[in-house]
Amino acid sequence: MRSVFYFLIIFISGNIYSQTPAKIKFQKNSNLIYFFNKGNSTDSVVKNSTNVFYLVVPDSLKKYVTVYVENGKLLKTSNDSLVKLNYMPGLKYESQFVINEMPDTKGFKKVFGLISLIDGPSSYQKNRILVKIINKKEEKVVIENIFFYRE
């Protein structure tokens, strides 16, 4: 009987003074914009092999983000996070997200779509592609990358 009593005392005191596991909380940051190669991470764009990129922009920032590309053009794909970088020597393009209304079961649903418009001639070197992502709300360059083009 004594051993059961001592066991209960030790068990209760062990639980009272033991440490509780620390909880780690993550907060989703909706201010981050990502632009990187799909697959191998290189600084070269090769025609039809490494010209697909991830462009991840939160919906809260899509109306403020503009992508400027010199010697290239961003083309949308079937996936809204993937874009194709098409080599267009001597031309400068500007890409923006526009709101499209799509029919839904409850009426209309607002969906963002990427459009690219020509912005004039490029004075950049022919074998280099400059990608500059600008947040117009804060008026600052978020990402600026230079890629080398090769066939």
Side-chain angles (χ1 to χ4, degrees), residues 11 13-151:
F11 181 75
S13 64
N15 282 340
I16 291 173
Y17 294 109
S18 66
Q19 293 180 348
T20 59
K23 293 181 182 179
I24 300 173
K25 295 182 181 180
F26 292 99
Q27 182 178 0
K28 185 177 179 181
N29 191 346
S30 62
N31 293 327
L32 296 178
I33 298 172
Y34 300 102
F35 183 77
F36 55 93
N37 285 23
K38 180 181 179 189
N40 293 338
S41 179
T42 64
D43 63 349
S44 296
V45 174
V46 180
K47 185 177 182 179
N48 295 330
S49 67
T50 61
N51 64 341
V52 178
F53 289 81
Y54 285 103
L55 175 61
V56 181
V57 180
D59 286 343
S60 61
L61 292 178
K62 281 187 178 178
K63 57 186 170 184
Y64 303 114
V65 169
T66 302
V67 183
Y68 293 101
V69 182
E70 293 207 30
N71 291 331
K73 177 181 180 182
L74 289 181
L75 302 172
K76 64 182 177 178
T77 61
S78 59
N79 187 340
D80 65 342
S81 317
L82 289 175
V83 293
K84 206 173 214 188
L85 184 59
N86 193 17
Y87 179 65
M88 305 286 285
L91 295 174
K92 190 172 12 174
Y93 280 86
E94 178 180 337
S95 301
Q96 294 179 344
F97 290 96
V98 293
I99 299 175
N100 298 324
E101 291 187 354
M102 303 295 284
D104 195 11
T105 57
K106 300 177 184 176
F108 288 99
K109 179 181 174 184
K110 292 184 179 180
V111 179
F112 286 97
L114 183 71
I115 61 165
S116 295
L117 303 171
I118 195 162
D119 196 25
S122 174
S123 59
Y124 212 63
Q125 295 176 0
K126 295 285 185 196
N127 65 337
R128 294 183 182 194
I129 301 172
L130 173 69
V131 178
K132 193 183 296 186
I133 300 175
I134 296 175
N135 183 344
K136 287 192 171 187
K137 183 178 182 181
E138 298 176 3
E139 296 182 6
K140 68 176 185 176
V141 175
V142 180
I143 297 173
E144 186 173 349
N145 284 341
I146 299 171
F147 299 99
F148 297 98
Y149 180 78
R150 58 188 172 128
E151 296 275 335

Got a second to check how far [X]'s [atom1] is from [Y]'s [atom2], nearest 0.5 Å?
| X | Y | atom1 | atom2 | result |
| --- | --- | --- | --- | --- |
| F147 | N51 | CZ | CG | 11.5 Å |
| L85 | L74 | CG | CG | 6.0 Å |
| E138 | Y64 | CD | OH | 10.5 Å |
| S116 | L75 | OG | CG | 6.5 Å |
| K110 | I99 | NZ | CD1 | 5.5 Å |
| Y149 | N86 | OH | CG | 8.0 Å |

- request: Determine, step by step, whether Y34 and V142 satisfy the side chain to side chain contact (heavy atoms under 4.5 Å, CB included) criterion, reporting the C-alpha distance in whole Å, the side-chain angles of both residues, the deciding distance to 0.1 Å, and the verdict.
  value: CA-CA 9 Å; Y34 300 102; V142 180; over 6 Å; no
Any idea which heavy atoms bring [X] and [Y] closest together, and the distance?
| X | Y | answer |
| --- | --- | --- |
| F148 | R128 | CE2-NE, 3.2 Å |
| S95 | L114 | CB-CD1, 4.0 Å |
| N71 | S122 | OD1-OG, 3.5 Å |
| K63 | F112 | N-CE2, 4.3 Å |
| I33 | P58 | CG1-CD, 4.4 Å |
| P121 | K92 | O-CE, 3.6 Å |

- request: Decide if the gap between the ring center of F35 and the ring center of Y54 is smaller than 6.0 angstrom.
  value: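 Distance test on ring centres: not under 6.0 Å, no.
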query: Among all residues two or more places apart in sequence or in another chain, which pass the side-chain hydrogen bond (donor to acceptor under 3.5 Å, both in side chains) test with Y93?
result: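 Partners of Y93 by the side-chain hydrogen bond (donor to acceptor under 3.5 Å, both in side chains) criterion come out as none, since no residue qualifies.
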Could you tabulate the donor-acceptor pairs under 3.5 Å formed by side-chain atoms of residues 129-137, not counting sequence neighbours?
from : atom 1 : to   : atom 2 : distance (Å)
N135 : OD1    : K137 : N      : 3.0

Does the side chain of [X] reach to within under 4.5 Å of the side chain of [Y], using non-hydrogen atoms?
| X | Y | answer |
| --- | --- | --- |
| V65 | Q96 | no |
| F108 | N100 | no |
| Y87 | K126 | yes |
| F53 | V45 | yes |

- prompt: With sequence neighbours left out, which residue pairs that include part of residues 64-77 fulfil the salt bridge (charged side-chain N to carboxylate O under 4.0 Å, His left out) condition?
  reply: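 Found none.
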